[in-house]
Protein chains: 2
Amino acid sequence: MIGLYEVAQAAGVSPATASRALHRPELVALRTRERVEQAAQQLGYRPNVLARGLRTRGSRTIGLIVTDILNPFHATLAKGVQDTAEESGYTVLMFNSDEQPDKERRALETLHGHLPQGLIVVPTAQTQENLAVVPGLPTIELDRASGREGAHTVMVDNVAGSREAVQHLLSLGHRRIGMIVGQQDISTARERLQGYREALESAGVEYHDSLVLPGNHREADGRLAALRLLSRRERPTALFVGNNEMTVGAVLATRELGLDIPRDLSIVGFDDSRWAQTMSPALSVVSQPTYELGQIACQHLLNLISGQRLQGSVRLPTRFVHRQSTGPLPAGQE
Amino acid sequence: MIGLYEVAQAAGVSPATASRALHRPELVALRTRERVEQAAQQLGYRPNVLARGLRTRGSRTIGLIVTDILNPFHATLAKGVQDTAEESGYTVLMFNSDEQPDKERRALETLHGHLPQGLIVVPTAQTQENLAVVPGLPTIELDRASGREGAHTVMVDNVAGSREAVQHLLSLGHRRIGMIVGQQDISTARERLQGYREALESAGVEYHDSLVLPGNHREADGRLAALRLLSRRERPTALFVGNNEMTVGAVLATRELGLDIPRDLSIVGFDDSRWAQTMSPALSVVSQPTYELGQIACQHLLNLISGQRLQGSVRLPTRFVHRQSTGPLPAGQE
DNA sequence: CTGAAAGCGCTAACAT
DNA sequence: ATGTTAGCGCTTTCAG
């Protein structure tokens, strides 16, 4: 490996000067700097980040933990983070928690050994405890809040997004509106449920616990919940599903039951996707600025790392997209 | 940070012994080892991988470069690699080349500084040259072959998969079969085209250049190619599309043109996905063992790293899945 | 089986 | 503005 020592020799300076020329140009005479830069270029010098990290106790590396990289929403978050980090010369160490607090903990332990400068995490139910593994590490919570005091979070306005979706259904005349919602130990699920309740309340529609079914964020959960909800004697005329994966399951369930969307059932999902856009009928959704969430989380982290103080919490707006999966309440149904 | 020195003190041994106890247990007396392990446990010791990597010139880290993390196919590959690496205690540094040789090169440069033990790369058109950045690094090419002499590759049998798909269409009576295929500087695209030609040939159907349109692997390319192909005076009665993203575009194009699948047009895609399974009509596809590709690539890399010799090239079989997007040639059309 | 000592490549003090 | 020196945390000779 070509080391700084070789570069220094080729440029006729000491290793220390070579180091300064490359990373603190202002401390070095212009001519010297040019010689060093040229030598580095010619020899194909690449800094050994391990040595540098060891010396400076920090590695121009940030950690990213998402809960499911196969979920396009998370893949998009990850891309937003990565692209932004790369622009600033940071390397991203990405891990997958699969929603499992244990895996999250192991990821944090591994990450810790790499002396990262910061962390972006999509929290699981136990993130608050797990973060003890990396004490003092600048951290941004993305998409969800772990509940930590004073945490920095970058999320969408789930309450408003959810409220808007339900208001849309209400305005179409629906009154018996089912909801399939994530586990209540996840902040997004709580907030989306809250939006649902608020919308019902301000329309003067009574809230029924039996119309709200929980699921564990996966397609299979959405399917089962929808099957149960739609097999009731008085089945809902509309369905609001609290995340993208469960929405897929719910739509498949309606097909199994032979229900026509939107004639027999209106349905709204949370989070847009190509799938939502191209299925037929195209799905009405609460769309999130996913890539931007990742970008902003990363920008904030980089700011935090460079010592800036910033407000704890960022909320990005959602946007309701009306497509063909929602329609007026058919006559005869009330 | 808790270092080995603290652990050694707590256990009443030298740092050298503590190090051995943790990584070369057989060199240390059982009782000593237990004391060290307990101390490490209690103090929450996490090895500083930077220091270790610096010393051992290698960091229990492997690089992974995919061309598009937003493509579920690549996300699945990545998960296969990650899960496997994690089992063996390796950390994955993942990068995204976005099909751009330049980005790939930069990723390799960054990676190089991290002293990785190995690399798994989904090649771009310039990978052969770019790999000069990491000379001597054990490398597996995944999904595609860069063309390097003696490269280790893990791919599917694209020729057979493609042939099977086209044979299926031929057996349904189709003769004017269009193909939308990737750029010919990518090995998978060449191989899939070859399978198409072979199938036609063994059925005695003449090959027409004009029925084959290239695209750059993205949805938009697939759409444009399909629009052109399907606007011809004698339009194809069937379409075979050479990758998942372009298939989406092609299907959208058929909708724009108001064509009914499979009545007016049969269509087969390469690579299965949830989208293919749940669109209507469900798409007939050449299915690939995607997650396994990632797993196997990683296993091979780990073997390579530990000094095993292995054969250069692995080919996994594909599987044709017949769904509703392909049907018999309607009477009257020939 | 264990300890002492050196050094991986780099950068931050401290000199000059 | 540049050189000298020391040391980041760890593993690995080399002795004992």
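The sequence lines fix the lettering, A, B, ..., with proteins before strands; numbering per chain opens at 1.
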* Asked: For nucleotides 8-13 of chain C, read 5' to 3', which letter fits each nucleotide if B means a protein heavy atom sits under 4.0 Å from the base, S means only the sugar-phosphate is that close, and - means neither?
  -> BBBBBB
* Asked: After noting the C-alpha distance and the side-chain angles of B/Glu99 and B/Arg218, does the key distance pass the salt bridge (Lys or Arg N to Asp or Glu O under 4.0 Å) rule?
  -> CA-CA 10 Å; B/Glu99 297 284 1; B/Arg218 309 284 178 159; 5.4 Å; no
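- A/Thr84 and A/Gln299 share no side-chain donor-acceptor pair at under 3.5 Å.
- When each of A/Leu131, A/Leu93, A/Leu64 is checked for a side-chain contact (heavy atoms from CB on, under 4.5 Å) with A/Leu119, only A/Leu131 meets the rule.
- Residue A/Ser14 places none of its side-chain N or O atoms closer than 4.0 Å to OP1 or OP2 of D/dT2.
- Interface residues of residues 28-42 of chain A facing DNA chain D, ordered by number: A/Val28, A/Ala29, A/Thr32; criterion, heavy-atom separation under 4.0 Å.
- B/Leu22 places its CG atom 17 Å from the C1' atom of C/dC1, with the value rounded to the nearest Å.
- Between A/Thr67 and A/His217 the shortest side-chain heavy-atom distance does not fall below 4.5 Å.
- Taken to the nearest 0.5 Å, the CZ atom of B/Arg105 stands 11.5 Å off from the OG1 atom of B/Thr110.
- Side chains of A/Met155 and A/Thr188 form no contact here, defined as non-hydrogen atoms less than 4.5 Å apart.
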* **Step-by-step side chain to side chain contact (heavy atoms under 4.5 Å, CB included) determination, A/Arg60 to A/Val49** => CA-CA 8 Å; A/Arg60 248 186 139 64; A/Val49 297; over 6 Å; no
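- Within the 4.5 Å cutoff, the side chain of B/Leu4 has heavy atoms near those of the B/Leu22 side chain.
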